[in-house]
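For reference, the structure is listed below as structure tokens.
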Amino acid sequence: MSKFVLIDGHSILNRAFYGVPIFTNSEGLHTNAVFGFLNIMFKIIDSKQPDYMAVAFDVHQPTFRHEMFKDYKGTRKPMMEELREQVPVIKELLQKMNITTVELPGYEADDVIGTLSKKGEKAGMEVDVISGDRDLLQLASDHITICIPKTKKGQTTVEEYNTEGVRKLYKVTPTEFIDVKALMGDSSDNIPGVPGIGEKGATAIISQFGSIENAYDHADEISNTRNRNALLNNYEMAQMSKTLATINIQSPVEVTPEQCKLEDIYTEDALEMIKRLEFKSMIQRFGSVTSTNDCEGGFKYINNPFDADPIFEQAKNAENVGIFIYRNKDNFGVSLCFNNGNVYYIGKEGFVTEDYIIEKVRDLVNAKAKLTILNIKENNDILGNDDVESIFDISIAAYLLNPLQNTYDYDDIAREYLGMNVPAFDEIFPKTKKSETPSDEIPENILKYACYNAYVAYKAKDALTEKLKETEMLDIYNNVEIPLTYALYDMEQAGIMVAGDKLKEYGERLKTGIDALEKDIYAEAGHEFNINSPKQLGEILFGEMQLPGGKKTKTGYSTSASVLEKLEPDYPFVSKILEYRQLAKLKSTYADGLAVYIGKDNRIHGKFNQTITATGRISSTEPNLQNIPVRMPLGREIRKVFIPKEGCVFIDADYSQIELRILAHMSDDKNLIDAYNHSKDIHAATASLVFHVPLEEVTKEQRSNAKAVNFGIVYGISSFGLSNDLSISRKEAEQYIKDYFISYPGIKNYLDNSVKKAKEKGYSVTMFGRRRPIPELTSGNFMQRQFGERVAMNSPIQGSAADIMKIAMINVAKELKEKDLKSKIVLQVHDELLIEAYENEVEQVKDILKRNMEQAAHLNVPLDVDVQVGNNWDEAH
DNA sequence: ACGCTCACG
DNA sequence: ACGTACGTGAGCGTC
């Protein structure tokens with residue numbers, strides 16, 4: 001079936017304008033919105049592969065009534081000049097790309113889209129409408145999908161709605177959605193709506209009656225009196241709103257869907273213009289015009305040493321060698337791409353054995369060949385390297401440049417930094433899991449996959465290096481992230497020993513407890529049910545048993561611990577559920593969950609990921625060793641099964657309040673710095689200042705409240721969050737915060753400045769120059785923007801702490817190696833390092849840990865590290 | 001695939 | 001008027 005894509009021009013341009021930092025070309029022409037628009041459009045063309053396409057624009061340039069810009073429609077605040085000047089540019093470019101643009105005097109773009117989409121559907125096309133606006137949802141049908149690109153954490157994801165999608169979200173059909181909108185109104189579209197009826201009321205009424213008219217005729221059946229009266233008193237207003245809200249699907253558009261046939265869009269004219277706009281990363285898309293693709297077809301399969309040897313030799317002296325190591329259970333090979341433009345895949349076959357390939361790769365490493373690879377850590381078993389100078393890691397570079405991406409595969413990097421669309425793993429190996437490419441895989445596919453990987457690595461190195469320089473992150477790349485990769489590799493290799501039999505026993509103990517609780521709970525409830533199902537549990541507690549505390553989540557009742565804890569005093573039976581939950585969690589996630597990862601060496605070799613978090617922390621998976629219980633005694637028991645090997649002990653070192661100390665340093669607040677220099681107990685000192693009591697008279701409660709405030713500050717305080725945490729009123733929480741900022745004026749100043757700077761630049765920065773983009777700061781949504789502000793306050797602090805720990809780890813690992821000690825880092829838990837230390841090395845290791853961790857950074861307050869020794873993780877912590 | 005819940009810093 | 005503390009990962013149930 002043919003695919004017809006319709007783009008809401010102004011809406012997408014507007015989104016692009018706010019989603020892309022403002023910039024100009026060297027002529028001074030603003031181009032950011034055009035750039036963003038093209039990115040979105042290319043993404044759509046790649047993913048939807050449309051046969052037909054058109055872009056609709058509103059005819060009238062917006063009129064300007066107010067100083068401040070709000071949105072692109074003329075009825076509202078005016079469009080910013082920087083955006084307005086880009087409208088003709090994108091139109092011209094689209095024309096040069098032979099893409100149909102449509103505008104109709106007297107009608108809105110919505111009407112054009114509505115009309116064309118329905119015509120397309122009638123002609124048997126599959127229609128996709130691309131818009132940032134929810135208004136268009138009324139057009140959805142079984143063959144018309146409304147696609148709304150969303151920027152989530154800097155990533156654009158697309159929400160798609162057909163009839164079913166709209167029904168799921170709003171509980172009404174797309175046509176009924178018009179009535180919903182008419183009732184609730186939309187200030188941004190100048191639809192008045194019915195005063196007193198909001199989104200909730202509107203959906204309730206329309207899902208019951210189907211239309212405003214029908215609801216009016218049966219007004220006596222509207223159960224909510226407020227809604228009923230609102231409708232009765234404003235019926236005319238509602239009808240007028242409906243007219244305004246309805247998109248005209250019979251506007252006199254002249255072009256037919258068939259005339260929107262998508263021809264070659266990568267024309268000479270368009271390329272010319274792309275060059276003038278200076279969208280360098282997009283030039284490659286027009287490759288077919290300028291030159292043939294310099295990579296595809298240049299893939300060469302090599303299966304004998306006579307051909308392979310000289311290739312490895314050439315690679316030794318090349319300026320840059322993209323390399324990829326392919327392996328699955330039966331295949332093995334290495335692909336290389338360097339100066340001469342060819343990409344070679346040397347695969348295991350005949351005389352080319354696995355050992356031969358490994359030896360040749362090691363030769364390259366030892367010869368200090370300038371290798372570029374997607375991921376050093378995953379390949380270091382073969383690279384066998386700890387020379388941090390010679391190998392470039394493109395995934396780590398890409399992560400530093402934008403830590404918000406979900407993946408850093410070669411295809412992502414090609415798209416982002418080379419403006420190229422290369423086939424991804426899933427496209428080359430359809431419906432195959434990455435970990436297990438089948439042994440009978442077609443050799444051409446392996447060749448293609450391996451060569452694209454090496455090619456992208458080769459190509460991307462310079463682009464990434466350049467960007468790292470531009471963003472002043474080359475230093476943190478070279479001196480923190482890359483050395484860390486090797487430290488993490490060693491840590492993963494080391495693994496941690498776990499007493500499997502003890503873990504099993506622990507699980508059995510939990511099982512006994514769970515069974516008993518289960519019986520009690522069934523007895524109280526009167527029948528059996530799945531306690532693990534929040535849905536069933538909610539229905540039983542709040543439905544059948546009629547406990548107070550109504551709905552909270554979208555899907556039903558909330559049964560979270562915080563809700564249940566409030567019920568506990570009045571309904572002791574609820575504690576059984578809480579206790580059950582606790583035991584069930586411990587059993588499934590930890591007792592049973594960890595057991596499957598214990599290897600033949602009695603150790604767990606978890607993964608420590610370096611390209612996941614937004615702030616720069618590392619993350620832990622398969623299993624997660626960074627969330628092993630510690631707060632509750634029963635959970636803490638698990639830590640006793642983590643043990644050092646024979647002849648070793650554990651040494652645990654953790655930073656004391658590193659984030660607050662960083663806050664003291666970065667804010668340069670005199671009082672907080674003084675508090676750290678004079679008091680051991682920072683929370684008590686804070687309590688004393690905030691509550692105006694002498695230090696000695698601070699009560700336990702005051703101290704713990706002050707502690708909560710301290711945490712809150714680091715998280716980007718909000719009165720709501722604090723009030724929730726402390727179970728106090730928002731008013732009280734507000735007062736606490738006020739008093740806190742009076743006590744520490746430097747902190748207030750610093751946090752305000754963090755937000756201000758982040759808004760100016762679009763990202764926040766740590767002490768060591770690590771950046772985190774915060775796209776939420778420019779969101780039109782108040783809540784999102786507030787989230788962005790909290791992130792702007794928290795990220796530099798959390799991120800700097802992460803940087804410091806990374807530096808410490810590198811230095812600890814380095815000194816252990818230099819001194820030829822056999823002790824090894826086995827775990828990192830954000831502010832804690834666990835070392836498996838040989839008994840005769842204990843004193844030395846303690847010193848190495850404390851010294852390197854405390855000296856990892858020089859702040860204007862001391863960094864304090866607690867070091868403890870024990871025979872299991874619990875004892876050492 | 002996604003939401004809920006809960007474990008950690 | 002609205003719904004929030006920051007950063008993660010895993011297991012489970014539900015769709």
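Protein chains get the first letters and strands the later ones, always in sequence-line order, with residue 1 at the start of each.
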Of the nucleotides [options], which one has an atom closest to the side chain of [X]?
{"X": "Ser619(A)", "options": "dT4(C), dC6(C), dG9(C)", "value": "dG9(C)"}
{"X": "Val791(A)", "options": "dA10(C), dA5(C), dC6(C)", "value": "dC6(C)"}
{"X": "Lys535(A)", "options": "dT14(C), dG7(C), dA5(C)", "value": "dT14(C)"}

Quick one: [X] [atom1] to [N] [atom2], roughly how many Å, whole number?
{"X": "Ile658(A)", "N": "dG7(C)", "atom1": "CD1", "atom2": "P", "result": "18 Å"}
{"X": "Tyr399(A)", "N": "dG7(C)", "atom1": "OH", "atom2": "P", "result": "12 Å"}
{"X": "Tyr557(A)", "N": "dG13(C)", "atom1": "OH", "atom2": "C1'", "result": "18 Å"}
{"X": "Phe720(A)", "N": "dT4(C)", "atom1": "CZ", "atom2": "C1'", "result": "7 Å"}
{"X": "Lys607(A)", "N": "dA10(C)", "atom1": "NZ", "atom2": "C1'", "result": "15 Å"}
{"X": "Glu776(A)", "N": "dC6(C)", "atom1": "CD", "atom2": "P", "result": "10 Å"}
{"X": "Lys806(A)", "N": "dG7(C)", "atom1": "NZ", "atom2": "C1'", "result": "13 Å"}
{"X": "Asn710(A)", "N": "dC6(C)", "atom1": "CG", "atom2": "P", "result": "17 Å"}

With a 4.0 angstrom cut-off to heavy atoms of chain A, pull out the first and last contacting nucleotide of DNA chain B, in 5'-to-3' order.
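Terminal contacting nucleotides, 5' to 3': dC4(B) to dG9(B).
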
So [Y] and [X], do their side chains get closer than 4.5 Å, heavy atoms only?
{"X": "Asp142(A)", "Y": "Glu164(A)", "value": "no"}
{"X": "Ile396(A)", "Y": "Tyr408(A)", "value": "no"}
{"X": "Ser764(A)", "Y": "Arg771(A)", "value": "no"}

Any pair with a residue in residues 618-642 of chain A that passes ring-ring contact (aromatic ring centres under 6.0 Å, His included), sequence neighbours left out, goes on the list, sorted by first then second residue, please.
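Qualifying pairs, neighbours excluded: Phe642(A)-Trp873(A).
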
Run the side chain to side chain donor-acceptor pair (under 3.5 Å) test against Glu492(A) and tell me which residues pass, sequence neighbours left out.
Lys377(A)

Contacts of type side chain to side chain donor-acceptor pair (under 3.5 Å), residue Glu732(A), not counting sequence neighbours:
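Listed in chain order: Ser729(A).
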
Flag, side chain of [X] to backbone of [Y], donor-acceptor distance under 3.5 Å:
{"X": "Ser533(A)", "Y": "Asn530(A)", "result": "no"}
{"X": "Ser800(A)", "Y": "Met767(A)", "result": "yes"}
{"X": "Ser241(A)", "Y": "Gly193(A)", "result": "yes"}

Is the closest basic N to carboxylate O distance between Lys756(A) and Asp752(A) below 4.0 Å?
no

Would you mind checking if Lys640(A) and Glu637(A) are paired as a salt bridge, meaning a charged N to carboxylate O distance below 4.0 Å?
yes

Mind checking [X] for me? I need base, sugar-phosphate or nothing, with any heavy atom below 4.0 Å counting as a touch.
{"X": "Ile612(A)", "value": "sugar-phosphate"}
{"X": "Val714(A)", "value": "nothing"}
{"X": "Ala561(A)", "value": "sugar-phosphate"}
{"X": "Ser795(A)", "value": "nothing"}
{"X": "Gly712(A)", "value": "base"}
{"X": "Asn532(A)", "value": "sugar-phosphate"}
{"X": "Glu659(A)", "value": "nothing"}
{"X": "Thr559(A)", "value": "sugar-phosphate"}
{"X": "Ala792(A)", "value": "nothing"}

Pairs flagged by salt bridge (Lys or Arg N to Asp or Glu O under 4.0 Å) wherever residues 528-539 of chain A is involved - sequence neighbours left out:
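Of all non-adjacent pairs touching residues 528-539 of chain A, none passes salt bridge (Lys or Arg N to Asp or Glu O under 4.0 Å).
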
Qualifying salt bridge (Lys or Arg N to Asp or Glu O under 4.0 Å) pairs with a residue from residues 778-806 of chain A, counting only residues at least two apart or across chains:
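Checked against salt bridge (Lys or Arg N to Asp or Glu O under 4.0 Å) - neighbours excluded - the pairs reaching residues 778-806 of chain A are Glu481(A)-Lys806(A), Lys759(A)-Glu789(A), Arg770(A)-Asp803(A).
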
Quick check: on DNA chain C, is the nucleotide nearest Ser718(A) upstream (toward 5') of the one nearest His830(A), or the reverse? Name the residue that is more 5'.
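Its nearest nucleotide being more 5', the pick is Ser718(A).
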
Residue whose closest nucleotide on DNA chain C lies nearer the 5' end, Thr615(A) versus Glu622(A):
Thr615(A)

Taking Watson-Crick and G-U wobble pairs with both distances under 3.5 Å, convert DNA chain C into its dot-bracket string, 5' to 3', dots for unpaired and | for cross-strand pairs.
.....|||||||||.

Under 4.0 Å, heavy atom to any atom of DNA chain C: which of residues 582-590 of chain A qualify?
Lys585(A), Ser588(A), Thr589(A)

Can you name the side chain to side chain contact (heavy atoms under 4.5 Å, CB included) partners of Asp669(A), sequence neighbours left out?
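For Asp669(A) the side chain to side chain contact (heavy atoms under 4.5 Å, CB included) partners, ignoring immediate neighbours, are Ser667(A), Asn671(A), Leu672(A), Tyr744(A), Pro745(A), Ile747(A).
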
Can you list the residues that meet the side chain to side chain contact (heavy atoms under 4.5 Å, CB included) rule with Lys504(A), with sequence neighbours excluded?
Glu508(A)

Side-chain N or O of [X] versus OP1/OP2 of [N]: is the shortest distance under 4.0 Å?
{"X": "Asn530(A)", "N": "dG13(C)", "result": "yes"}
{"X": "Gln536(A)", "N": "dT14(C)", "result": "yes"}
{"X": "Arg581(A)", "N": "dC12(C)", "result": "no"}
{"X": "Arg790(A)", "N": "dC6(C)", "result": "yes"}
{"X": "Thr613(A)", "N": "dG7(C)", "result": "no"}
{"X": "Ser719(A)", "N": "dA5(C)", "result": "no"}

Side-chain donor/acceptor pairs under 3.5 Å, residues 712-727 of chain A, sequence neighbours excluded:
| residue | atom | partner | partner atom | Å |
| --- | --- | --- | --- | --- |
| Ser718(A) | OG | Gly721(A) | N | 3.0 |
| Ser723(A) | OG | Ser719(A) | O | 3.3 |
| Ser723(A) | OG | Phe720(A) | O | 2.8 |

Could you verify whether a donor N or O on one side chain and an acceptor N or O on the other, from Gln626(A) and Ser619(A), lie under 3.5 Å apart?
no

Can you tell me, in whole Å, how much space there is between the P of dT4(C) and that of dG3(B)?
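Here dT4(C) and dG3(B) have their P atoms 14 Å from each other.
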
For atom C1', what is the distance between dA7(B) and dG3(C), given to the nearest Å?
25 Å

Within residues 625-641 of chain A: residues closer than 4.0 Å to DNA chain B (heavy atoms)
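Going residue by residue through residues 625-641 of chain A, the ones with a heavy atom under 4.0 Å of DNA chain B turn out to be Gln626(A), Asn627(A), Ile628(A), Pro629(A), Val630(A), Arg631(A).
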
